[in-house]
Amino acid sequence: MNTKIIFATGNKDKLREFRQILQDEDVTILSMKEAGFEGDIEENGTTFEENALIKARTIAGKCHLLTLADDSGLEVDYLNKEPGVYSARYLGEDTPHSVKNASLIERLTGVEGEARSARFVCAVAAVFPDGHEEVLRRTMEGQIAHAPAGENGFGYDPIFYLPDRGCTNAELTPEEKNKISHRGKALRAMCDLLKEAGAFSGS
Ligand code: ITT
């Protein structure tokens with residue numbers, strides 16, 4: 001039986017990836033807008049998990065369907081894990097990513113090799129209409145590139161360099177990125193957990 005779930009995000013790039021990652025599952029994914037919610041959700045948590053739960057709780061409470069949310073970001077080790085949970089707000093919410101990316105590269109001037117280590121983090125929360133909650137986190141390791149490269153993906157992908165592959169996230173196809181990304185891993189793990197809990201059937 002096909003199950004309707006909501007993905008509580010205002011980010012169209014995340015929504016696209018979410019749908020691609022779950023394309024073989026027997027679920028229909030509604031955006032917040034399709035579920036009838038317009039407006040902003042204040043993300044005042046201090047961890048990825050807290051913020052993911054805040055978003056999922058807000059929408060599950062209003063729309064009465066199983067709701068998933070993702071809080072994600074980039075941790076740069078040399079910058080004490082900045083921008084971290086503030087990744088969307090780094091240098092201002094509306095500042096173009098080209099500017100944010102250039103700023104991070106600039107702040108790593110003179111830093112070489114493994115000292116440029118960074119990771120993408122994704123916490124995925126699921127909140128059921130009866131209030132039951134699940135949350136988990138997955139990561140993707142890489143380094144900050146010396147210059148942006150690639151047109152695919154979004155956000156910090158053009159400066160996220162994968163030493164094993166010799167390219168950035170933005171040079172991967174969407175399928176390649178989803179196989180190894182923080183979001184792909186977190187969502188597939190959440191899907192397994194939800195299937196075990198009987199929330200929806202296997203594909
Ligand atoms: P919602 O809260 O509405 O889901 P958002 O864009 O504000 O959308 P976050 O608060 O989780 O989402 O911020 C995550 C930011 O981290 C996002 O805006 C990107 O800048 C960056 N980010 C997250 N995942 C990424 C990915 O896979 N590739 C590149 N950048 C990513």
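Along the sequence shown, residues are numbered consecutively beginning with 1. Counting starts at 1 for both ligands and their atoms, in listed order. The structure presented is a predicted model; accordingly, all values stated were derived computationally and were not measured.
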query = Which ligand 1 atoms does Lys177 reach within 4.0 Å, using its non-hydrogen atoms?
reply =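 Those of ligand 1 that fall under 4.0 Å from Lys177 are 26 (C), 27 (O), 28 (N).
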inquiry  = So if I count the atoms of ligand 1 from 1 in the order they appear, which ones are less than 4.0 Å from some heavy atom of Gly73?
reply    =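 Checking each atom against Gly73, I get 16 (O).
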Please state which protein non-hydrogen atom is closest to [atom] and give its distance, to 0.1 Å?
atom: atom 19 (C) of ligand 1; answer: His97 NE2, 4.0 Å
atom: atom 23 (C) of ligand 1; answer: Ser72 OG, 3.2 Å
atom: atom 29 (C) of ligand 1; answer: Phe154 O, 3.0 Å
atom: atom 1 (P) of ligand 1; answer: Thr9 OG1, 3.4 Å
atom: atom 30 (N) of ligand 1; answer: Tyr156 N, 3.1 Å
atom: atom 18 (O) of ligand 1; answer: Ala88 CB, 3.6 Å
atom: atom 11 (O) of ligand 1; answer: Lys14 NZ, 2.8 Å
atom: atom 16 (O) of ligand 1; answer: Ser87 CB, 3.4 Å

query = Above 12 or not: heavy atoms from other molecules or residues under 6.0 Å from NZ of Lys14?
reply =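 Count over threshold, so yes.
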query = Should we say atom CD of Glu112 is surrounded by more than 12 heavy atoms from elsewhere, each under 6.0 Å from it?
reply = yes
key: ligand 1 contact on Phe120 by region, counting heavy-atom pairs under 4.0 Å   =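 Only the side chain of Phe120 comes within reach of ligand 1.
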request  = Answer side chain, backbone, both or neither: which part of Lys100 comes under 4.0 Å from ligand 1, heavy atoms only.
outcome  =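 Neither; no heavy atom under 4.0 Å.
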request  = Assess the side chains of Asn11 and Thr9: does a donor N or O sit below 3.5 Å from an acceptor N or O?
outcome  = no
message = For Tyr78 and Ser117, which I'm curious about, is there any donor-acceptor pair between the side chains at under 3.5 Å?
response =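 Distance-only check fails for Tyr78 and Ser117.
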key: Heavy atom of Lys55, distance to ligand 1 below 4.0 Å   =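 Flag set, Lys55 near ligand 1.
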key: Heteroatom distance test (Gly10, ligand 1): nitrogen or oxygen, under 3.5 angstrom   = yes
request  = With the side chain counted from C-beta on, respond yes when Asn169 and Met140 share a heavy-atom pair under 4.5 Å apart, and no when they do not.
outcome  = yes
Side-chain heavy atoms of Leu162 within contact of Leu172, under 4.5 Å =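 Touching, per the 4.5 Å side-chain cut-off.
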ask   = In terms of side-chain geometry, is the basic nitrogen of Glu25 or Lys195 positioned less than 4.0 Å from the acidic oxygen of its partner?
value =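 Yes.
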request  = Mark yes or no for whether Thr139, through its side chain, and Arg119, through its backbone, hold a donor-acceptor pair below 3.5 Å.
outcome  =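 No; zero donor-acceptor contacts below 3.5 Å.
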ask   = Taking the minimum heavy-atom distance to atom 10 (O) of ligand 1, which of Glu43, His182, Met32, Lys12 ranks first?
value =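 Looking at heavy atoms only, the winner is Glu43.
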message = Judged on heavy-atom distance to atom 6 (O) of ligand 1, which of Asp71, Val85, Asn11, Asp157 sits nearest?
response =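 Among Asp71, Val85, Asn11, Asp157, the closest heavy atom to atom 6 (O) of ligand 1 comes from Asn11.
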ask   = Who else is in Leu53's hydrophobic cluster (ILVMFWY, side-chain heavy atoms under 4.5 Å, direct or via others)?
value =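 ILVMFWY cluster around Leu53 also holds Val127, Val135.
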task = Taking the six-membered ring for Trp and the single ring otherwise, decide whether the centroids of His97 and Phe154 are under 6.0 Å apart.
result = no
